[in-house]
Amino acid sequence: MPELPEVETIKRGLERDIVGQKIIEVEVRAPKLFIGESAKLINEPIEKVWRRAKVLIIQTKRFSALIHLKMTGQLIYKGKEIVIGGHPDKLYLQPLPHNHTHIIFKLSGGTLYFNDLRKFGWVKVFNKTDDIDELIHAVGPEFDSPTFTLKYFSEKLAKKKAITIKQLLLDQSIVAGIGNIYADEILFASKIHPLTKVKDLTKSQIKKIFDNIPKILNLAINSGGSSSQTYRQIDGKMGTYLEIAKVYKREKLPCKICKTPIKRIKIAGRSSHFCPYCQKSS
DNA sequence: CACTTGACCTGTCCGC
DNA sequence: TGCGGACAGGTCAAGT
């Protein structure tokens with residue numbers, strides 16, 4: 001599920017709702033998804049919540065709990081005063097906990113539920129002092145970091161030969177946080193065909209992509225992310241980015257610019273959406 | 001070394 | 001209604 005904008009939205013929700021609380025109990029229903037000792041977190045006050053790439057970090061006085069939501073992970077928070085009511089969703093947001101609730105964090109002021117339909121996600125506990133970048137596999141700079149410059153981006157691209165620009169944007173070691181939705185949206189905004197080989201991109205095309213990365217990601221963050229199926233904000237609300245998406249999940253629908261039907265093709269196993277008229281280069 | 005292909009899981013949807 | 005296959009926000013290890 002979540003790409004950077006979704007994880008960032010969840011991070012902001014957690015920041016608002018759980019920082020300052022104490023972890024009272026951790027119930028691990030699916031041991032496979034919890035790496036490390038859950039007992040370490042008990043009685044720990046939550047000092048900070050932050051994000052690196054698509055990984056959330058709940059930092060307590062002594063430890064860091066890293067959380068990856070992969071495709072279908074959710075974090076839902078229920079404060080004590082909130083009555084858990086019925087929900088329109090069949091599966092993804094039934095009254096909690098439900099069959100897909102795998103880890104439950106009981107906090108001093110409420111409960112945080114980790115749900116994951118496909119069980120790809122995980123929670124790992126490390127010491128607070130551990131270097132997060134060493135714990136996350138080959139992760140590049142954040143899109144809004146001062147180290148993510150046009151020069152850096154161009155140099156990285158120059159080292160790639162055969163792969164397409166779509167695949168490159170999904171490579172977390174180049175720039176962290178872009179996934180399938182926003183890769184397609186960034187390429188539409190840049191008017192570049194997703195199958196274009198990286199080596200065939202012109203300087204001005206590279207610049208366009210570089211400029212559209214923060215533009216699209218910030219727009220998505222401001223929309224609270226994209227709720228395609230399972231993604232929800234921590235209070236259960238959906239993100240609204242898909243309402244303004246130009247190509248993702250819009251196969252056969254008219255392009256919002258030129259009315260040409262949007263196409264969907266497979267690139268390296270992932271579906272890719274584009275406008276065959278607006279994104280001609282390939 | 002650069003790049004591609006499955007595997008990890010469980011569910012929904014679509015065509016026959 | 002049932003059955004098979006494709007598909008779903010992401011990584012990774014193993015294979016070529």
Side-chain angles (χ1 to χ4, degrees), chain A residues 1-11 29-35 51-56 66-75 88-94 98-103 114-124 135-140 156-187 195 197-199 216-217 219-221 223-233 238-245 247-252 264-273:
Chain A
M1 84 167 236
E3 306 182 27
L4 184 150
E6 289 75 29
V7 179
E8 178 64 24
T9 301
I10 291 167
K11 184 215 104 177
R29 301 180 157 201
K32 213 180 153 185
L33 306 192
F34 199 104
I35 293 102
R51 177 189 63 72
R52 175 73 174 101
K54 297 173 190 168
V55 178
L56 278 165
L66 274 60
I67 303 179
H68 202 309
L69 301 167
K70 293 291 181 83
M71 299 281 262
T72 53
Q74 296 176 328
L75 283 175
D89 290 8
K90 284 186 278 194
L91 247 184
Y92 306 124
L93 211 56
Q94 299 165 354
H98 56 56
N99 279 348
H100 302 287
T101 302
H102 305 306
I103 298 160
F114 178 100
N115 309 320
D116 190 351
L117 169 65
R118 293 173 75 178
K119 293 186 194 152
F120 290 171
W122 44 252
V123 176
K124 301 182 189 179
L135 307 176
I136 304 176
H137 178 90
V139 70
K156 281 284 181 182
L157 298 211
K159 288 180 192 156
K160 298 288 176 177
K161 293 171 193 157
I163 65 163
T164 63
I165 184 60
K166 171 65 189 275
Q167 290 165 278
L168 181 123
L169 289 176
L170 295 177
D171 182 344
Q172 301 300 300
S173 72
I174 308 280
V175 53
I178 300 171
N180 208 35
I181 298 176
Y182 302 114
D184 285 1
E185 295 290 304
I186 289 162
L187 289 175
L195 281 175
K197 297 276 196 287
V198 169
K199 67 172 165 48
I216 295 289
L217 293 179
L219 180 60
I221 290 168
S223 306
S226 296
S227 287
S228 177
Q229 302 202 44
T230 56
Y231 164 71
R232 294 296 182 275
Q233 301 181 23
M238 298 176 65
T240 60
Y241 182 84
L242 288 186
E243 293 168 17
I244 57 169
V247 288
Y248 186 80
K249 274 235 166 161
R250 301 196 74 247
E251 187 188 12
K252 293 180 182 154
R264 178 164 68 99
I265 59 173
K266 278 241 175 220
I267 301 176
R270 312 298 304 277
S271 72
S272 296
H273 311 74

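Just so we're on the same page: letters track the sequence lines, and every chain starts at 1. Just so it is clear, the structure is predicted and the values come from calculations on it, not from any experiment.
Atom pair D171(A):CG and dA2(B):P shows a separation of 11 Å (rounding to whole Å applied). Distance, L66(A) CG to dT11(C) P: 13 Å, rounded to whole Å. Taking atom CG of L4(A) as the reference point, atom C1' of dG10(C) lies 14 Å away to the nearest angstrom. Computed from coordinates, the Y231(A) OH to dG11(B) C1' distance equals 21 Å when rounded to whole Å. In this structure, CD1 of I174(A) is placed 13 Å from C1' of dC3(B), rounded to the nearest angstrom. Atom CE of M71(A) is separated from atom C1' of dT12(B) by 14 Å (rounded to the nearest Å). Taking atom CG of L170(A) as the reference point, atom P of dC3(B) lies 14 Å away to the nearest angstrom. One atom, CZ of R264(A), and another, C1' of dC13(B), lie 12 Å apart when rounded to the nearest Å.
Closest to the side chain of R270(A), from the set dG10(C), dT11(C), dT10(B), is dG10(C). Set against dC7(C), dG10(C), dT4(B), the side chain of Q167(A) has dT4(B) as its closest nucleotide. Checking dC3(B), dA8(C), dG10(C) against the side-chain heavy atoms of R118(A) singles out dA8(C) as nearest. Of the candidates dC3(B), dT10(B), dA8(C), the closest approach to any side-chain atom of K119(A) belongs to dT10(B). Ranking dC7(C), dT11(C), dT4(B) by closeness to the K266(A) side chain, first place goes to dC7(C). The nucleotide whose nearest atom lies closest to any side-chain atom of H100(A) is, among dG10(C), dG11(B), dT11(C), dG11(B). Distance from the side chain of I163(A) is smallest for dT4(B) among the nucleotides dT11(C), dT4(B), dT10(B).
No side-chain heavy atom of D116(A) sits less than 4.5 Å from a side-chain heavy atom of I103(A). Contact of the R52(A) side chain with the V139(A) side chain is registered, since non-hydrogen atoms from C-beta on lie closer than 4.5 Å. I136(A) is not listed as a side-chain neighbour of H68(A), based on a closest heavy-atom distance of 4.5 Å or more.
A donor-acceptor pair under 3.5 Å is formed between the side chain of T72(A) and the backbone N or O of R118(A).
Looking at heavy-atom distances under 4.0 Å, Y182(A) makes no contact with the nucleic acid at all.
Heavy atoms only, all atoms of each residue included: Q74(A) and T230(A) are closest at NE2-O, 2.6 Å. Shortest non-hydrogen contact noted between K54(A) and I178(A) is NZ-O, 3.2 Å.
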Next item on the list: Check the pair V247(A), E185(A) against side chain to side chain contact (heavy atoms under 4.5 Å, CB included), reporting the backbone distance first and the verdict last.
Entry: CA-CA 6 Å; V247(A) 288; E185(A) 295 290 304; 3.3 Å; yes
Within the sub-3.5 Å range, which N or O atoms of nucleotides 14-16 of chain B have a protein N or O partner, and how far apart are they?
none

I'd like a list of close polar pairs between nucleotides 13-16 of chain C and the protein, N/O only, cut-off under 3.5 Å.
none

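For the P atoms, the distance from dA6(C) to dT5(B) is 16 Å, rounded to whole Å. Using atom C1' as the reference point in both dA8(C) and dC3(B), the two lie 24 Å apart (nearest Å).
When only modelled atom types and interatomic distance are considered, D184(A) and H273(A) share a side-chain donor-acceptor pair under 3.5 Å.
For dT11(C), the OP1/OP2 oxygens have a side-chain nitrogen or oxygen of K54(A) closer than 4.0 Å. Side-chain nitrogen and oxygen atoms of Q229(A) include none within less than 4.0 Å of the OP1 or OP2 phosphate oxygen of dG11(B). In this structure, S271(A) reaches the dA8(C) phosphate: one of its side-chain N or O atoms is under 4.0 Å from OP1 or OP2.
Look at K160(A) and D171(A) and you find a salt bridge, because one of the NZ, NE, NH1 or NH2 atoms lies within 4.0 Å of a carboxylate O, short of that distance.
The one candidate from V7(A), L75(A), V55(A) that meets the side-chain contact (heavy atoms from CB on, under 4.5 Å) condition with I67(A) is L75(A). Here the rule is side-chain hydrogen bond (donor to acceptor under 3.5 Å, both in side chains) with S226(A), and of Y241(A), Y248(A), Y182(A) only Y182(A) fits it.
Applying the 5.5 angstrom centroid cut-off and the 30 degree plane-angle cut-off, the aromatic ring of F120(A) is not stacked upon the base of dT11(C).
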